[in-house]
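Step one of this worksheet: look at the structure below.
A note on names: the letters A, B, ... follow the listed sequences, proteins ahead of strands, and every chain is numbered from 1. Nothing here was measured: the structure is a model prediction, and the numbers come from that model.
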Amino acid sequence: MRKFPPDFDDGDTDLRDAQNAISREDLLRTRDRQKIHQTRSRGRWFHLLWLLAGPGVLVMMGENDGPSMVSYATTGAAYGVGFFVPFILLTFVMAFVVQEMAVRLGVATGRGHAELIFQRFGPFWGYFAMADLVVGNVLTLVTEFIAIQAGGLYFGLPSWLSVALGFGLVTAALGLRRYATWERALMVLAAGNLLFIPAALLAHPNGAALVHALATWCPLPGGSRLIFVTLILANIGATVTPWMIFFQQSAVVDKGLARVDLPQGRMDTAIGAVLAAIVGVATLVAAAPLFAAHVNVAEFASGADFATALRPLVGSTGATLFALGIIEAGLLAAMTISTSSSYALAETISARHSLNLDFSQGRIFYGAAILSTVFAACIVLIPGAPLLAITLTVNVIATLLMAPALLFLLLLVNDREIMGNLANGWKANLAGGSIVIAISLVGAFYGVITVFPNLLAR
Amino acid sequence: MTMNPDDPALTASEITAFGAPKGKLPRRKLGRGTVALLILLRIYVLLAIPIVAYAFFKAVAH
């Protein structure tokens with residue numbers, strides 16, 4: 001629907017002045033706000049939640065991306081059902097704690113994350129934060145196309161065709177030029193992430209083992225400590241990454257959420273976290289038959305090899321669902337991560353940034369998303385690239401980059417000048433601080449045992 | 001009360017609210033402890049990335 005107030009011709013000069021002073025994106029957002037206002041005044045709470053949901057669900061389901069699903073599957077294939085089942089749930093609790101702060105920052109300030117870092121801390125720290133984001137986003141975007149390409153290979157599609165289709169869909173989504181439509185289209189796509197649940201059921205999981213793992217965090221993983229720590233980092237990186245903070249805060253602002261919408265913003269984030277956690281555990285469970293069959297996943301070239309290896313163990317339906325899930329995971333994340341880069345870049349250089357913009361108004365905003373997508377797509381097509389190793393490594397890098405990103409988030413969310421009464425309390429600071437310390441320590445431990453593998457070897 | 005979503009009066013007031021330009025926020029003065037922590041984490045990242053790259057190439061070589 002493209003009916004805007006400029007269609008009005010009622011002689012209202014105040015209205016016309018307002019229209020001239022503001023942009024199409026503001027008008028579109030205003031219409032959305034109007035609908036929300038009406039729904040709230042009628043007391044239709046489920047409808048209100050439906051209208052305000054989106055950024056939280058998308059950021060959580062978007063983070064269940066190609067490398068994340070490969071990390072969960074690798075964990076399931078390496079260790080089966082055990083310690084990592086409750087650990088994955090814990091990582092989503094961490095994700096909720098972090099993302100709730102991003103929502104609060106967005107509704108309190110009406111500004112994106114990059115914009116706030118630059119304005120409050122200056123360009124020196126701003127460019128460091130942006131460098132972390134760009135490195136993390138570009139590498140992760142490459143792995144999303146690895147997932148799309150790998151899923152396509154399972155169905156016999158040549159790499160170039162899968163990658164081209166993926167690029168076409170990412171660009172087509174941007175072509176919607178309307179935040180609300182883009183968001184709803186992506187939420188439909190995100191429902192595809194749930195394919196991992198029937199895939200897990202087709203693996204005939206042992207319910208008692210699952211309950212035992214949840215209750216006791218056992219059995220504990222054995223074998224190489226380096227692999228164990230790598231998977232710890234990869235699983236954290238599968239859930240908590242810098243792009244999520246930048247994306248959700250900017251999306252909250254683009255959607256036009258206000259302070260009054262904070263409860264629904266939190267609920268949206270919690271729903272996303274619960275759904276994504278269930279899918280994460282389902283992916284581990286779906287790949288657990290590979291552990292029982294002693295399949296060596298280190299020899300796998302990509303995420304689709306999990307589907308191929310699972311076929312004789314769980315049947316072709318389960319394997320097909322797994323491969324479709326991998327494609328969906330890559331595609332959804334390619335859309336959200338490229339948009340996260342666009343928001344951050346445009347905010348950094350004070351260019352206009354909204355999915356409500358026309359292409360002519362948002363050349364930099366849309367250009368950044370398209371260029372980063374083209375770059376990632378081209379990297380994937382390089383023959384002989386070690387795709388599975390890249391995928392696992394990207395999650396580790398994302399985790400290492402998370403500590404400074406979290407510190408910026410904590411500093412901003414404790415800034416009472418901009419947050420007012422929405423600033424962090426001591427409980428949120430304790431939770432956020434603990435996450436920074438935990439991530440930094442695990443990362444440091446990873447570094448030590450990588451450089452000195454014999455130090456703790458067994 | 002039923003409101004028409006295309007009510008121009010309501011739209012005009014909402015437009016004014018959202019169309020209002022956002023001024024630049026003042027720069028915040030960071031304390032010594034905060035700067036030290038930011039530098040420490042920067043060093044942490046700069047040391048960690050080469051280690052991850054080393055682990056990656058080692059894994060690929062095997």
Interchain contact, [X] with chain B, by part (heavy-atom threshold 4.5 Å):
| X | value |
| --- | --- |
| A/Ile390 | both |
| A/Leu411 | both |
| A/Leu407 | side chain |
| A/Ser440 | both |

* Structure fact -> Shortest non-hydrogen pair, B/Val45 vs A/Pro404, comes out as CG2-CG, 3.5 Å
* Under 4.5 Å from any heavy atom of chain A - which part of B/Ile39 -> both
* Interchain contact, B/Leu40 with chain A, by part (heavy-atom threshold 4.5 Å) -> neither
What pairs of donor and acceptor atoms, side-chain ones from residues 117-128 of chain A against any protein atom, are under 3.5 angstrom apart with sequence neighbours left out?
residue, atom, partner, partner atom, Å
A/Gln119, OE1, A/Arg111, NH1, 3.2
A/Gln119, OE1, B/Leu25, N, 2.9
A/Arg120, NE, A/Asp415, OD2, 2.8
A/Arg120, NH1, B/Pro26, O, 2.5
A/Arg120, NH2, A/Asp415, OD1, 3.1
A/Arg120, NH2, A/Asp415, OD2, 2.9
A/Arg120, NH2, A/Glu417, OE1, 3.4

* A/Asp132 versus B/Arg42: any side-chain heavy-atom pair under 4.5 Å? -> yes
* Test side-chain hydrogen bond (donor to acceptor under 3.5 Å, both in side chains) applied to A/Thr140 - qualifying residues, sequence neighbours left out -> none
* Structure fact -> Most heavy-atom pairs under 4.5 Å with chain A, out of B/Leu38, B/Leu41, B/Ile49, belong to B/Leu38
